[in-house]
Amino acid sequence: DILIISIYLSIPILWLIVLYRQRKSLFIKGISNEQIVERRLIRRSLKKLHFLFERYRPYMAYWEAGEMFRRILFVSVIPLLAESNFPRGSIGLVLSLLSMIIYREAVPFLNESTNSLAYLADIVIFLTYTGALMIETGLDHNIESTLFAL
């Protein structure tokens with residue numbers, strides 16, 4: 001399990017290294033954000049890396065690597081942190097709440113609709129963990145079934 005997670009973690013680490021090496025092309029001082037986005041599109045050294053930063057605001061060029069770490073955490077690490085469901089759900093609940101706050105404050109995407117959608121997705125993850133914890137602790141028996149289904 002640890003070996004597989006290490007392999008998965010190597011991908012965003014490599015992305016960070018590659019982006020860091022291109023930092024002078026990614027972060028250009030003295031010009032507007034729109035001009036930075038335009039210059040990034042024409043830089044030959046950045047052509048193969050566009051998928052890592054093209055959807056994000058100029059100062060969020062490393063966001064995709066962080067997002068990959070977040071996905072790995074939710075999918076691979078949380079299940080290994082505890083043997084029973086309650087601690088896993090609790091960890092997931094706290095991490096999803098932190099993720100919601102970070103997305104709300106960072107506003108990483110160029111497109112405002114994408115920011116809203118990402119925030120909404122984090123709310124859904126939070127509600128999923130909340131529902132799972134309610135089922136695990138038996139709180140769902142105390143709530144009317146039609147309300148719980150909503």
Side-chain angles (χ1 to χ4, degrees), residues 1-28 33-34 36-140 143 147-150:
D1 293 337
I2 298 298
L3 179 63
I4 293 172
I5 292 174
S6 299
I7 292 169
Y8 287 146
L9 287 175
S10 68
I11 296 168
I13 290 170
L14 288 173
W15 287 352
L16 284 172
I17 292 169
V18 170
L19 288 172
Y20 183 76
R21 287 183 170 178
Q22 294 294 328
R23 68 188 176 279
K24 290 181 182 175
S25 297
L26 288 170
F27 305 106
I28 306 165
N33 285 344
E34 291 81 18
I36 292 172
V37 171
E38 288 174 17
R39 287 196 183 176
R40 285 180 179 178
L41 291 174
I42 59 173
R43 297 280 300 198
R44 287 188 78 187
S45 62
L46 298 176
K47 289 266 188 216
K48 294 179 182 176
L49 303 175
H50 277 235
F51 74 99
L52 291 174
F53 57 81
E54 68 185 340
R55 296 179 311 252
Y56 303 107
R57 297 183 191 279
Y59 56 88
M60 295 288 193
Y62 300 116
W63 190 267
E64 185 64 31
E67 176 62 17
M68 183 74 166
F69 278 122
R70 185 183 77 93
R71 288 185 212 134
I72 291 169
L73 184 68
F74 276 107
V75 173
S76 301
V77 177
I78 290 175
L80 299 176
L81 289 178
E83 291 193 20
S84 66
N85 291 334
F86 183 77
R88 289 180 193 156
S90 300
I91 293 167
L93 185 72
V94 169
L95 291 176
S96 65
L97 180 62
L98 286 172
S99 180
M100 270 178 24
I101 293 168
I102 290 169
Y103 261 93
R104 187 193 70 210
E105 296 300 317
V107 191
F109 295 99
L110 288 168
N111 185 329
E112 289 303 320
S113 298
T114 308
N115 285 313
S116 298
L117 185 61
Y119 183 64
L120 181 63
D122 276 337
I123 291 171
V124 169
I125 293 169
F126 177 78
L127 292 174
T128 302
Y129 277 108
T130 302
L133 279 174
M134 289 177 75
I135 291 169
E136 182 65 24
T137 59
L139 285 175
D140 61 322
I143 299 174
L147 177 64
F148 186 68
L150 295 177

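Please read all numbers here as calculations on a predicted model, not as lab measurements. By convention here, the first residue in the shown sequence is residue 1. Below, each value reflects all heavy atoms present in this structure, side chains not excepted, and no hydrogens, waters or symmetry copies.
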Next on the checklist: So that I know where these two stand, are Tyr103 and Trp63 an aromatic pair - ring centroids less than 6.0 Å apart?
Outcome noted: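 Ring-ring flag for Tyr103/Trp63: true, centres closer than 6.0 Å.
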Item to check | Leu19, Ile17, Val18 screened by side chain to side chain contact (heavy atoms under 4.5 Å, CB included) with Arg21, the one that passes | outcome: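 Exactly one candidate clears the test, Ile17.
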Checklist entry - Looking at Ile91, Val94, Ile78, which one forms a side chain to side chain contact (heavy atoms under 4.5 Å, CB included) with Tyr129? => result Ile78
Looking at side-chain heavy atoms only, is the closest gap between [X] and [Y] below 4.5 Å?
| X | Y | answer |
| --- | --- | --- |
| Asn33 | Ile36 | yes |
| Phe53 | Leu46 | yes |
| Leu81 | Pro87 | no |
| Phe51 | Trp15 | yes |
| Ser25 | Arg40 | no |
| Leu26 | Leu49 | no |
| Pro58 | Val37 | yes |
| Thr137 | Phe86 | yes |

[X] atom [atom1]: more than 12 heavy-atom contacts under 6.0 Å:
| X | atom1 | value |
| --- | --- | --- |
| Lys24 | NZ | no |
| Arg44 | CZ | no |
| Glu112 | CD | yes |

What's the spacing between [X] [atom1] and [Y] [atom2] if we round to 0.5 Å?
| X | Y | atom1 | atom2 | answer |
| --- | --- | --- | --- | --- |
| Leu16 | Phe69 | CG | CZ | 5.5 Å |
| Arg23 | Ile28 | CZ | CD1 | 14.0 Å |
| Thr128 | Leu133 | OG1 | CG | 11.0 Å |
| Ile125 | Ser96 | CD1 | OG | 7.0 Å |
| Tyr56 | Thr114 | OH | OG1 | 9.5 Å |
| Ile72 | Glu67 | CD1 | CD | 10.5 Å |

Item to check | Test side-chain contact (heavy atoms from CB on, under 4.5 Å) applied to Phe126 and Leu93, step by step | outcome: CA-CA 6 Å; Phe126 177 78; Leu93 185 72; 3.4 Å; yes
Checklist entry - Could Arg57 and Tyr59 be counted as a cation-pi pair, given that NZ or CZ must be under 6.0 Å from the ring centre and within 45° of the axis? => result no
Item to check | With sequence neighbours excluded, residues passing ring pair (Phe, Tyr, Trp, His ring centres under 6.0 Å) with Phe27 | outcome: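 With neighbours one apart ignored, the set is Tyr62.
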What heavy-atom pair brings [X] and [Y] nearest, and what distance separates the two atoms?
| X | Y | answer |
| --- | --- | --- |
| Met68 | Pro12 | CG-CG, 3.7 Å |
| Lys47 | Ile42 | NZ-CA, 4.4 Å |
| Ala82 | Arg88 | O-NE, 2.8 Å |
| Phe74 | Gly92 | CE2-O, 3.8 Å |

Checklist entry - Is it true that Arg55 and Glu64 make a salt bridge, defined as a side-chain N closer than 4.0 Å to a carboxylate O? => result yes
Item to check | Pair Arg43 + Glu54, salt bridge at N-O below 4.0 Å | outcome: no
Checklist entry - When you look at Arg70 and Asp122, which way does the side-chain contact (heavy atoms from CB on, under 4.5 Å) test go after all the steps? => result CA-CA 11 Å; Arg70 185 183 77 93; Asp122 276 337; 3.1 Å; yes
